[in-house]
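See structure below.
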Amino acid sequence: MKNTFLSLSVLCLAFSCQTPVFIEPVGPEKELVLQARLLTSDEQHTVYASYSFHDNCEPAEDITVSCYVNGQLVAVTSEDTRLGQYREAAYQFKATIQPGDSVRIEAIGPDNRAVARTKAPEALPAIPDVTAEELTIYNDKGNVVTRFRFHIPVHDIPQERNWYRINTTCHTIVRMYVSEEVHEKEPWYPTGWSTLEENTLAIRHSNTKDPVLNPDGRESKDSYVDDYLSNPHHFFTDELFEDGSNEFILEASPYDYTQGARFSMSSGIQYQYTITAYFDIQSLSREDFMHSRMLEMDHFNLSGVSIVDDLFSEDMVLPGNVEGGMGLVTVRSVTRAPYDFGTYDCDVHNWYDVYDLHLKH
Amino acid sequence: MRKTIVLLSLLFVSALSWAQSTLKDEMARVEKQYGVRFIYDASLNLGVPATQKATSLTEALSQLFANGEIQYDIKGSYVVLRKARRFTVSGTVTDASTGETLIGAGVFYGDKGMVTNSYGIYSLTLPEGKLRLSFSYVGYAPETVTLVLDKDLSLDMALTPDASITAAEITGWKEAGIGAVGLGSQEIPQTVIQRAPMLFGEADVLKSLQLLPGVQAGYSGSSGINIRGGGPDENLLLLDGIPIYNGEHLLGLFSVFAPESVKKITLYKSSFPARFGGRTASVVDVRMNDGNAEGLHGGFTVGLLTDKAHLEGPIGGKTTFSLTGRVLHTGLVELIGRPMGLPANYFFYDVHAKVSHKLSPKDILTASFYHGRDRFRQGEGRYNVYRYYDENYAPYDRYVDDLRTYRMDWGNTVVGLRWNHVFNGRLFSNTTLSWTGFRSGMQTGNGDKIRDYEQSSYKESDFRYFSNISDFTLQTNFEYTPSPSHAVKFGAALTRHVFVPDGQTLSEKEMTNEVVVRDTVLSHYSGTYMPGLEASAYVEDEIALGSRVTVNPGLHVALFSTMGKTYTSLQPRFSARWDVSDAVALKAGYSRMAQYVHLLPFTRISLPTDVWVPITDKIAPQTADQWSLGLYYTGLPGWDFSAEAYYKDLQNIVERKSDRLAFVGADQWENTIVMGVGRAYGIEWLVEKTTGRLTGWLSYTLSRSERRTPDGTIDNGAWFPFSNDRRHKISLYAAYALNDRIDFCASWQFASGNRMTIPTRHTIVMGENGPQERLYIPSRNNWTAPPSHRLDVSVNFRKKKPRGERVWSIGFYNLYGARNPDYLVALTNEKHRTNDGVEYLDYDQIPEGRIYLNKVTALVFLPSFSYTRSF
């Protein structure tokens with residue numbers, strides 16, 4: 001009897017079913033999406049535009065984008081630069097935006113008109129000297145490695161809650177000196193000093209030693225959770241040092257700083273490379289901060305599946321500021337803190353100097 | 001809604017102010033009508049309401065002074081009045097067949113009376129003289145005793161069970177139901193729990209509550225309850241007055257309370273008695289059996305999933321015991337898992353035990369114990385052989401064993417020692433020392449065994465996680481009945497909470513050729529020790545203002561100290577009842593509750609491994625202010641009608657942030673949530689048939705529950721629906737006794753879907769590395785899930801045996817196979833390609849990329865049976 005019922009129950013559970021629930025489309029069929037992150041440190045800016053549908057997105061290639069700063073029209077463009085990917089169009093224009101400026105981006109298409117209003121946050125005061133130290137430590141595998149540790153002093157903007165991000169880049173200039181003798185043998189080289197290469201690369205720094213950026217000292221390599229919690233893009237608020245100051249600690253490998261100085265060497269040519277690290281402290285609006293952190297979690301979502309199927313994170317309602325459309329247009333005010341590594345010499349016989357970078361100070 | 005409530009409140013207040021005739025007015029009429037004069041002391045209270053419609057002087061005096069407060073003596077043309085002396089009659093009301101105390105039995109003198117307390121004790125202070133005292137209780141034959149009260153008396157009463165008494169006219173003081181002063185409370189009779197058709201044929205205490213108005217169920221088949229817009233962690237579950245943290249077995253399919261051990265359940269949704277505190281939505285007060293004092297009795301039940309045994313009886317003349325054990329056998333889990341390639345094992349067990357010892361006629365010592373545990377095991381092994389080539393290109397095989405294990409354990413333990421003491425007929429106390437603990441843990445293990453011609457190696461990793469709560473509590477409660485017009489309750493409690501929400505250990509072990517080369521604990525965290533000290537005191541008085549108005553003012557004061565910060569909370573409680581007529585009553589109530597703990601979900605769905613954490617120095621206690629108003633009609637014999645409206649204002653509620661992972665370690669939990677406010681309001685209608693062969697009820701609830709984060713963290717600070725916001729709920733419960741041997745039972749429930757967050761369209765967003773496409777969600781909980789409904793039926797076949805009874809129960813869950821949304825997940829309609837290169841969509845009916853929901857219905861139709869034999 002019992003087994004009969006048990007089997008019957010199992011049989012009934014086997015009839016458990018999955019059925020689709022089709023949802024009536026909500027909202028207009030086509031909406032204009034504007035996304036832009038304008039930096040006060042940039043002259044050229046990009047607004048990405050897309051048409052949002054219930055089933056997909058398409059580039060909004062037929063719109064005119066205007067930029068107003070403090071009420072003054074400063075740029076108009078109707079040209080899609082094709083710099084976007086296949087879902088969005090990219091409109092570029094030049095404009096000077098200062099901290100505190102009011103910015104309005106207006107996009108007009110055949111069927112849509114969308115306007116985004118935002119204000120550039122106050123920028124941090126100028127940052128005093130960034131200092132660095134060279135450490136020799138044991139890594140997880142017991143090997144001796146070298147690390148650069150940077151100290152970035154930051155003074156908070158008083159009297160208000162602020163949201164920030166530290167963006168780290170490395171600017172490298174490679175120069176070469178070609179003598180007359182070499183020039184005679186290899187005439188395609190110009191004589192004297194000339195610039196061989198100049199580039200700016202994003203450098204990923206570890207913030208595990210910084211109690212504000214990474215309170216638990218999590219390494220980003222262990223798991224998706226740690227990846228998110230390690231705060232790889234160095235977002236922070238002034239909650240822990242409101243109206244005060246804090247010295248941020250970031251670390252990176254020397255190897256990372258020589259990424260921009262990889263070049264082919266020829267015998268007889270003297271090379272120099274000059275490296276400057278830039279720590280850009282970006283002041284963000286609250287919406288920008290929330291938007292960015294949410295997307296970071298999306299990027300590192302735990303189960304590695306579509307966010308809508310992820311039990312471990314809350315569904316995200318992203319902030320927006322586009323009237324007549326969707327999206328978020330923000331301005332980040334940038335305060336730049338450089339660290340100058342100086343100039344290093346090397347030639348083909350000492351090529352490993354490039355990889356074996358040491359601090360001069 | 002607010003306007004309606006205010007209007008009804010005004011009506012209530014204005015009705016209260018109707019001019020009523022006082023005793024003095026009526027005496028003046030009697031003097032005029034019969035030509036007599038009253039002589040009395042000025043200290044007598046003649047301002048109380050009174051009426052008389054008599055045809056003679058004697059009858060008029062009898063009616064006017066019927067309550068016995070004033071005694072009269074006719075001397076010629078004078079009527080001499082004097083204040084009656086008062087004495088107390090007190091005792092215990094028990095079941096005559098088992099000796100079990102009866103909670104909530106009515107004890108009446110005329111139209112005055114009370115009900116027995118949680119320990120079956122009553123106390124009435126009455127005027128001297130000859131009087132008739134009546135005792136009644138649902139399912140028992142009423143008794144009436146005539147006595148002469150000229151001194152304090154002790155009178156115990158044993159009532160005899162009588163199945164034909166399906167409803168007792170207990171219209172006096174009660175703590176729950178229509179007869180009570182407060183609103184929003186209800187007692188669940190044992191018969192409803194035992195007879196109601198249930199999933200897998202298992203009677204369940206908490207699932208019975210789901211049939212009541214204002215109580216929303218969790219997912220299909222679960223015993224979870226969400227009350228008046230509250231979350232599952234906002235319900236205080238009490239087992240003999242001791243909190244129990246996790247009320248569920250088997251992911252919520254069963255509650256931890258074995259019905260056989262339960263004497264009585266009372267649900268409070270509003271007008272909370274002052275002695276309760278600590279949760280904002282409800283109090284579920286479960287009382288266990290004390291044990292049969294008359295003889296050894298028991299029974300066993302063989303069910304589809306669980307087997308149960310129950311034994312109770314006396315030990316000597318002064319001690320009784322009650323013991324119930326229950327275990328789930330693992331057959332079903334294995335039957336489902338094995339064909340699916342998921343070798344899993346799950347079982348739970350629980351034990352309820354109680355021993356009561358009568359130290360003296362005035363002292364009873366009771367020890368109660370509960371222990372329950374759920375265990376889940378899953379193991380998965382893979383064995384592979386790989387072909388490799390050595391440096392000489394000679395082939396060799398490498399054998400790889402890959403073993404993965406997953407374990408989860410959780411459970412409660414409750415221990416209590418209670419001392420009941422009767423000081424005198426008017427003062428009673430109970431003092432309890434208790435410990436309640438909840439522990440959950442999980443372990444995942446990976447083991448790789450590699451063997452080839454050269455060497456064998458073994459590598460395993462082990463991750464363990466645990467969470468603990470333990471509460472030590474000392475509480476004492478007093479009940480003082482100075483007169484029939486007052487029932488004073490007061491007491492205090494002190495609780496030491498210890499939360500360790502997040503202990504974890506990660507270890508690795510490596511062996512090569514049977515030699516351990518590495519055995520390391522990579523990380524060990526013994527958990528965040530989060531202590532909290534909670535102290536509370538309360539006082540309340542149920543005051544009869546004349547024969548028609550009763551009020552119950554109360555105050556609960558609580559103090560919670562944690563992490564160097566102390567929160568104090570004054571929680572006023574008030575309820576009033578006005579008997580407009582013998583058949584119509586109006587009630588109004590207000591209560592404030594505060595909550596000091598929160599349940600952090602591990603995922604977006606509730607799991608037993610969810611972590612309880614206390615409030616902190618940054619997270620303030622959650623509070624709820626609830627106003628309620630009710631209208632009741634009992635004029636149709638055998639029928640009760642009620643309508644209750646409520647408005648709840650919530651402060652310091654916690655919601656998960658959108659930009660945070662659900663669980664990041666309890667030390668981080670403050671960062672994962674945001675504090676906000678909430679509001680919930682609704683109306684609940686209930687029609688109940690209490691007598692006859694057909695009994696049951698029909699209820700309808702119209703409700704709304706919303707939340708908001710003023711700091712703009714969620715939806716820019718706009719109101720959004722709470723996830724448990726379900727607009728409509730209809731419950732129909734009917735039990736029909738065909739004869740003594742066969743009874744039928746059916747329940748039908750309909751509920752609007754809960755709220756969930758789903759994307760509605762595609763968009764682009766700006767990541768740190770540039771634009772990317774993703775789905776767009778306009779707001780939190782922006783979509784209402786489809787409604788759910790189902791019909792459950794059962795039939796019980798009873799047969800008296802020479803000793804005891806046997807019952808066969810057969811039931812059908814979701815009889816008509818409604819496909820309810822047990823689980824919903826949003827997906828996009830994707831295009832796929834077969835091996836032959838043919839493209840096809842998941843669903844042709846909708847365009848590619850369109851968002852749809854995948855609805856999973858787990859419990860379509862389930863038959864069940866159980867066999868119970870009692871002796």
Side-chain angles (χ1 to χ4, degrees), chain A residues 1-2 5-6 8-10 12-13 15-23 25-27 31 33 35-37 48 50 52-57 84-85 87-88 216 225 228-229 233 290-299 302 306-309 311-319 326-328, chain B residues 200 302 304 331-332 335-336 603-605 656-664 714-716 757-768 771 773-780 786 819 824-827 843 845-858 860-865:
Chain A
M1 176 79 169
K2 188 166 182 167
F5 266 88
L6 206 53
L8 200 54
S9 295
V10 173
C12 291
L13 286 172
F15 281 100
S16 303
C17 55
Q18 296 187 25
T19 46
V21 177
F22 300 126
I23 304 164
V26 179
E31 283 212 68
V33 186
Q35 292 287 359
R37 183 178 303 130
Y48 296 95
S50 177
S52 160
F53 298 92
H54 294 108
D55 312 326
N56 61 6
C57 278
Q85 297 179 10
R87 298 292 190 199
E88 67 276 347
D216 296 335
V225 181
Y228 170 70
L229 294 172
H233 291 108
M290 289 173 62
H291 186 271
S292 301
R293 281 298 275 164
M294 284 187 206
L295 286 178
E296 276 204 324
M297 190 182 72
D298 188 18
H299 180 63
L302 268 178
S306 159
I307 190 68
V308 293
D309 201 18
L311 290 174
F312 290 87
S313 57
E314 192 58 70
D315 291 320
M316 288 178 246
V317 181
L318 294 169
M326 300 159 59
L328 182 70
Chain B
F200 296 116
V302 180
L304 200 57
L332 188 71
L335 269 172
I336 296 170
T603 66
R604 285 194 309 199
I605 59 171
R656 285 167 56 167
K657 285 181 182 172
S658 291
D659 62 338
R660 290 291 185 269
L661 296 168
F663 181 78
V664 291
I714 299 172
D715 289 5
N716 279 324
T757 308
I758 64 165
T760 55
R761 59 195 307 135
H762 293 246
T763 188
I764 58 163
V765 294
M766 196 70 179
E768 288 306 299
E773 187 188 358
R774 60 166 288 139
L775 298 173
Y776 172 72
I777 296 170
S779 59
R780 181 168 289 195
R819 304 203 163 185
L824 286 161
V825 59
L827 299 168
Y843 292 99
Q845 302 95 314
I846 54 174
E848 181 187 357
R850 178 68 58 87
I851 297 147
Y852 70 98
L853 292 167
N854 193 25
K855 180 176 75 170
V856 179
T857 306
V860 181
F861 167 79
L862 277 174
S864 62
F865 89 102

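Residue numbers begin at 1 in each chain, while the letters A, B, ... track the order of the sequences. In what follows, every heavy atom counts, from backbone to side chain, and hydrogens, waters and symmetry copies are set aside.
B:P771 is not listed as a side-chain neighbour of A:Q35, based on a closest heavy-atom distance of 4.5 Å or more. You'll find the side chain of B:E768 reaches within 4.5 Å of the side chain of A:S292, heavy atoms only. Within the 4.5 Å cutoff, the side chain of B:E848 has no heavy atoms near those of the A:N56 side chain. A:F22 places a side-chain heavy atom less than 4.5 Å from the side chain of B:Q845. Between A:H291 and B:M766, some side-chain heavy-atom pair lies under the 4.5 Å cut-off.
Taking A:D55 as the reference, B:R850 meet the side chain to side chain donor-acceptor pair (under 3.5 Å) condition, with sequence neighbours excluded.
For B:I764, the parts lying near chain A are the backbone and the side chain together; criterion is any non-hydrogen pair under 4.5 Å. Looking at B:E773, the atoms closer than 4.5 Å to chain A (heavy atoms on both sides) all sit in the side chain, from C-beta outward.
A distance of 8.5 Å separates CE of A:M290 from CD1 of B:I714, quoted to the nearest 0.5 Å. Atoms CD and OG1, on A:E88 and B:T763 in that order, are 10.5 Å from each other to the nearest 0.5 Å.
Ranking B:T760, B:I846, B:V765, B:L824 against chain A, the residue ahead of the rest is B:V765, based on heavy-atom pairs under 4.5 Å. Residue with the most contacts toward chain A among B:Y776, B:Y843, B:Y852: B:Y843 (heavy-atom pairs, distance under 4.5 Å).
Nearest heavy-atom pair, A:I23 versus B:I851, reported as atom, atom and distance to 0.1 Å: CD1-O, 4.1 Å.
The closest donor-acceptor contact from the side chain of B:R761 to the backbone of A:P25 lies at 3.5 Å or more, if one exists at all.
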With side-chain contact (heavy atoms from CB on, under 4.5 Å) as the criterion, how do B:H762 and A:F53 come out once you've worked through the C-alpha distance, each side chain's angles and the decisive distance to 0.1 Å? CA-CA 6 Å; B:H762 293 246; A:F53 298 92; over 6 Å; no
